[in-house]
2 protein chains.
Amino acid sequence: MSKPKGFIRRTKQRELILEVLKGTTCHPTADWVYEKVREELPSISLGTVYRNLRSLVEAGEVLELTFGSSFSRFDGNPENHYHFACEECGQVSDIDFPLQEELEKRVEESNRLKVHTHRLEFYGICQECLNKKE
Amino acid sequence: MSKPKGFIRRTKQRELILEVLKGTTCHPTADWVYEKVREELPSISLGTVYRNLRSLVEAGEVLELTFGSSFSRFDGNPENHYHFACEECGQVSDIDFPLQEELEKRVEESNRLKVHTHRLEFYGICQECLNKKE
DNA sequence: GTAATTGCAAATAATTTGCTGGGTG
DNA sequence: CACCCAGCAAATTATTTGCAATTAC
């Protein structure tokens, strides 16, 4: 019991991946990281990059942001509103929360860009799953 | 030039898809919509569902939310912070904006659930792309 | 030594696309 | 009757996984 359960061994590959991530302000895709690390360590495989990114995210050392189109969910209400995603059962539900229009204005003021819309969502455990747990 | 450019023809398939979406509070995946519409119209194909969802989103009649894992971007900073995604060039950048911790509390209070974290991002045109346009 | 980790390649999973015939405006 | 759109299947894209060899601790 000396090693914590999710013990992560330190390898050249993992160190390089983390170094690349810490050393860039762009928010790279897995593939970009792969190409970058390959400059140092040409033999690394894409699978290794994916596996390490996953474990780094699980270890809380790296943030993952999902964009793009996969695993989309659709909502018949086209007005902007906010969502809650349960980390336990995967359900996504609308939440009753007023639209924060002023956030967009504040972002436009402090950063020089044009905001069209924003997306806000919360992650946690839904009521049903909370009930099941006790 | 009488018809608007992105003219959308009305078909049985599209009507059914929209009806299914408007008639549910869950936030279905494309596949769920497919199964549901198939109860009415067994001959519909999954490709048609995808194509229609896409055009409905483009027409602004439906919201698309992306969850899950595809097209992830990674961030070496594991602290929660907010992002801006440029709809023109696709770049994702950090924005300088204070963390709104109190949002989580407010959601927990008005809805009975446990919030672990939240995600807030803004979409629009970045400064560089704005400059290019004029 | 042993268990985590690697590289490689094949497998998945969600979504998109080419084609050809059919239905809408 | 032109052209958008359907169905079908094959193609893409991002990501995951099985396996045998390797390496960190």
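The chains referred to below are lettered A, B, ... by the order of the sequence lines, with proteins before strands, and numbering in each begins at 1. Basis for what follows: all heavy atoms, side chains included, without hydrogens, waters or symmetry-related copies.
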- Query: Would you call E35(A)-R38(A) a salt bridge at under 4.0 Å N-O?
  - Reply: yes
Whole-Å distance between [N] [atom2] and [X] [atom1]?
X      : N       : atom1 : atom2 : value
L53(B) : dC5(D)  : CG    : C1'   : 15 Å
W32(B) : dT15(C) : CH2   : P     : 15 Å
L41(B) : dC8(D)  : CG    : C1'   : 15 Å
L56(B) : dT15(C) : CG    : C1'   : 16 Å
R54(A) : dT5(C)  : CZ    : P     : 15 Å
L18(B) : dC5(D)  : CG    : P     : 14 Å
K12(B) : dG22(C) : NZ    : C1'   : 12 Å
R10(B) : dC5(D)  : CZ    : P     : 13 Å

Sub-4.5 Å side-chain heavy-atom contact between [X] and [Y]:
X      : Y       : answer
T66(A) : R119(B) : yes
L18(B) : V62(B)  : yes
R51(B) : I17(B)  : no

Applying a 4.0 Å non-hydrogen cut-off, can you work out what [X] is touching in the nucleic acid: base, sugar-phosphate, or nothing?
X      : answer
S43(A) : sugar-phosphate
T48(B) : base
N52(B) : sugar-phosphate

- Item | Presence of T11(B) side-chain N/O under 4.0 Å of dA6(D) phosphate oxygens OP1/OP2 | yes
- Do the ring centers of H27(B) and F84(A) come within less than 6.0 Å of each other? no
Which listed nucleotide ([options]) is nearest to the side chain of [X]?
X      : options                  : answer
Q13(A) : dA14(C), dG7(C), dT15(D) : dG7(C)
I44(A) : dG7(C), dG25(C), dT16(C) : dG7(C)
R9(B)  : dG25(C), dC25(D), dC8(C) : dG25(C)
A30(A) : dT15(C), dT15(D), dT6(C) : dT15(D)
Y50(A) : dT16(D), dC5(D), dA24(D) : dT16(D)

- Task: Would you state whether a donor and an acceptor, one from the side chain of R51(B) and one from the base of dG18(C), lie under 3.5 Å apart?
- Result: yes
- Query: For DNA chain D, whose closest nucleotide is more 5', that of R73(B) or that of S45(B)?
  - Reply: S45(B)
